[in-house]
Protein chains: 2
Amino acid sequence: MVKSKNHPNNRTRERILDKAEALFACKGYHAVSIREITKSAECNVSAVNYYFGNKQNLYCEVFQHRWLPRAKRIHNCFRQLLADKPNCKPNDIVRALAQAFLQGPLTDAERVRHHQLISGEIAQPSQAFNLIAKQALHPLFNSIRGDLNAAMSEIFGDDQLTLSIFSIFAMILHFNFARHLITSLSGHQYDTDFKNRLVDHIVEFSMFGLIGKNGEDWNASTT
Amino acid sequence: MVKSKNHPNNRTRERILDKAEALFACKGYHAVSIREITKSAECNVSAVNYYFGNKQNLYCEVFQHRWLPRAKRIHNCFRQLLADKPNCKPNDIVRALAQAFLQGPLTDAERVRHHQLISGEIAQPSQAFNLIAKQALHPLFNSIRGDLNAAMSEIFGDDQLTLSIFSIFAMILHFNFARHLITSLSGHQYDTDFKNRLVDHIVEFSMFGLIGKNGEDWNASTT
DNA sequence: TTGAATTTCAAACGTTTGTTTGATACGAAC
DNA sequence: GTTCGTATCAAACAAACGTTTGAAATTCAA
């Protein structure tokens with residue numbers, strides 16, 4: 001009956017989106033109940049169905065109205081960092097990317113939420129995956145692809161460039177969403193110092209690998 | 001009452017473990033019901049509580065009796081590949097690792113299950129995380145750390161080595177559990193050719209980064 | 001063949017789930 | 001002050017959930 005209504009910017013609606021996002025991020029879709037969300041948002045159980053129709057749709061609208069805007073803020077931060085460097089080299093691009101994702105405009109709590117949500121969709125894609133793939137992942141991927149392609153003086157195969165971008169993203173995502181494992185194995189907390197260290201590492205490893213900046217030119221052993 | 005019983009190797013028990021693992025892997029813990037598992041295993045609902053006490057414990061025993069043995073097979077494959085190469089260099093180590101995880105002893109279906117399960121635990125650690133951290137992740141990490149340390153002629157800081165290993169693992173895990181995203185962005189299916197390509201890429205990128213094997217020695221632009 | 005232990009089963013347990021209902025409260029327009 | 005569209009609420013809904021029960025099968029040693 002109220003199906004076509006939009007309920008734009010209603011207070012309760014916004015509170016539900018906030019709390020739902022936090023809960024979905026840290027426990028996963030099926031582990032969170034509507035009652036848990038509405039109790040956290042201090043409203044009635046039926047508010048979810050009133051404003052969003054059903055639970056599944058609430059989950060999608062969390063991605064639409066919370067996750068995507070944040071992804072755009074990160075993307076803009078990345079572009080801004082690049083704009084400050086005309087004639088940028090590949091290492092500038094990787095650094096801007098790592099900074100945008102690890103130290104960018106988000107608070108650390110937002111960053112954790114952001115990457116928990118996307119890691120869930122990457123591991124087990126749902127309806128929301130198509131949304132963020134089309135609106136965030138594909139555009140960002142193509143954007144970086146173009147930048148890197150222009151910045152690389154060497155001739156780079158299409159596939160080689162694609163796989164390299166995947167690898168850089170693998171690191172950035174992994175250092176964000178595998179925090180527990182990384183803390184457990186390395187002993188480092190995710191403080192400012194460590195995140196600086198991570199950005200430097202991602203740039204150097206992406207550029208020079210294990211060989212390192214001043215690396216010797218050893219020959220590979222017999223294959 | 002039957003609490004201390006072990007029910008070793010019972011047929012029904014094994015079938016439940018098999019089906020539970022497959023379902024937990026592809027839908028996640030909370031999205032799978034006991035009835036779904038027992039229907040798939042063609043036994044009575046109460047069999048889960050009879051053999052495993054409760055759902056949570058079944059989940060843990062899946063990791064104990066299915067996931068861990070597979071992790072050990074991968075680890076053994078890795079060690080075997082290294083044993084065939086005396087005086088191995090870092091690129092041999094990375095190649096052995098990538099091969100063990102992407103082409104190793106598992107069937108492809110097993111590999112997908114394996115990485116879906118661990119990606120769930122990495123993103124949102126549960127009881128099972130401590131088990132696999134202690135019995136698989138820490139040992140493998142330390143093992144690789146020792147190998148790489150011995151193979152690197154250059155002096156490598158402790159942290160630098162640690163972060164490099166994380167990065168290599170980030171790639172290997174990412175290329176395994178983000179299959180949907182990677183297929184969506186690159187157009188590649190996970191056939192034999194593509195997996196060969198991935199192993200080669202992981203080795204080259206881990207060794208030389210974007211610069212590549214025959215890379216020029218450009219200078220970084222001004223920081 | 002007997003009898004005790006183990007395994008399977010249908011049925012039910014009390015909760016919790018997502019969703020719906022119908023009544024009440026609110027807020028602006030007339 | 002009345003009216004009307006919107007928002008909130010307690011209460012209830014059927015369905016599904018994890019778990020328990022107690023009685024039938026089944027197994028197997030004596």
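All heavy atoms count here, side chains included; hydrogens, waters and symmetry mates do not.
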Using only atom types and a distance under 3.5 Å, with no angle test, would you say the side chain of [X] pairs donor to acceptor with the backbone of [Y]?
X	Y	answer
A/E121	A/F129	yes
B/R179	B/N176	yes
A/R113	A/A22	no

OP1 or OP2 of [N] sitting under 4.0 Å from any side-chain N/O of [X]?
X	N	answer
B/N44	C/dT7	no
A/N10	D/dA7	yes
B/N54	D/dG18	no
B/Y50	C/dT6	no
B/S33	D/dC17	yes
B/S46	D/dT21	no

Whole angstrom is fine here: how far is it from [atom1] in [X] over to [atom2] in [N]?
X	N	atom1	atom2	result
B/K39	C/dC9	NZ	C1'	16 Å
B/N57	D/dT19	CG	P	10 Å
A/R15	D/dT8	CZ	P	8 Å
A/E14	D/dA7	CD	P	13 Å
B/Q56	D/dC17	CD	C1'	16 Å
A/R11	D/dT6	CZ	C1'	16 Å
A/I34	C/dT20	CD1	C1'	12 Å
B/L23	D/dG18	CG	C1'	16 Å

| said: Heavy atoms only, 4.0 Å cut-off, all strands: where does A/F52 land among base, sugar-phosphate and nothing? | reply: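 It contacts nothing in the nucleic acid.
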
| task | Measure from the side chain of A/R35, starting at C-beta and using heavy atoms only, and say which of D/dT19, D/dT8, C/dG18 lies closest. | result |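 Among D/dT19, D/dT8, C/dG18, the one nearest the side chain of A/R35 is C/dG18.
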
| Of the nucleotides D/dG18, D/dA7, C/dT19, which one has an atom closest to the side chain of A/V45? |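 Looking only at side-chain atoms, A/V45 lies closest to C/dT19.
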
| message | Between B/A47 and A/N49, which residue's closest nucleotide on DNA chain C lies nearer the 5′ terminus? | response |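 Nearer the 5' end of the strand: B/A47.
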
| request: Could you pick out which residue, B/C43 or A/Y29, lies toward the 5' side of DNA chain C when each is mapped onto its nearest nucleotide? | output: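 Its nearest nucleotide lies further toward 5', so the answer is B/C43.
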
| field | Close aromatic pair by centroid cut-off 6.0 Å: B/F166 and B/F141 | value |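 Yes, close enough.
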
| query | Can you say whether the rings of A/F63 and A/W67 are parallel (under 30°), tilted (30 to 60°) or perpendicular (over 60°)? | reply |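 Ring orientation of A/F63 relative to A/W67: tilted.
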
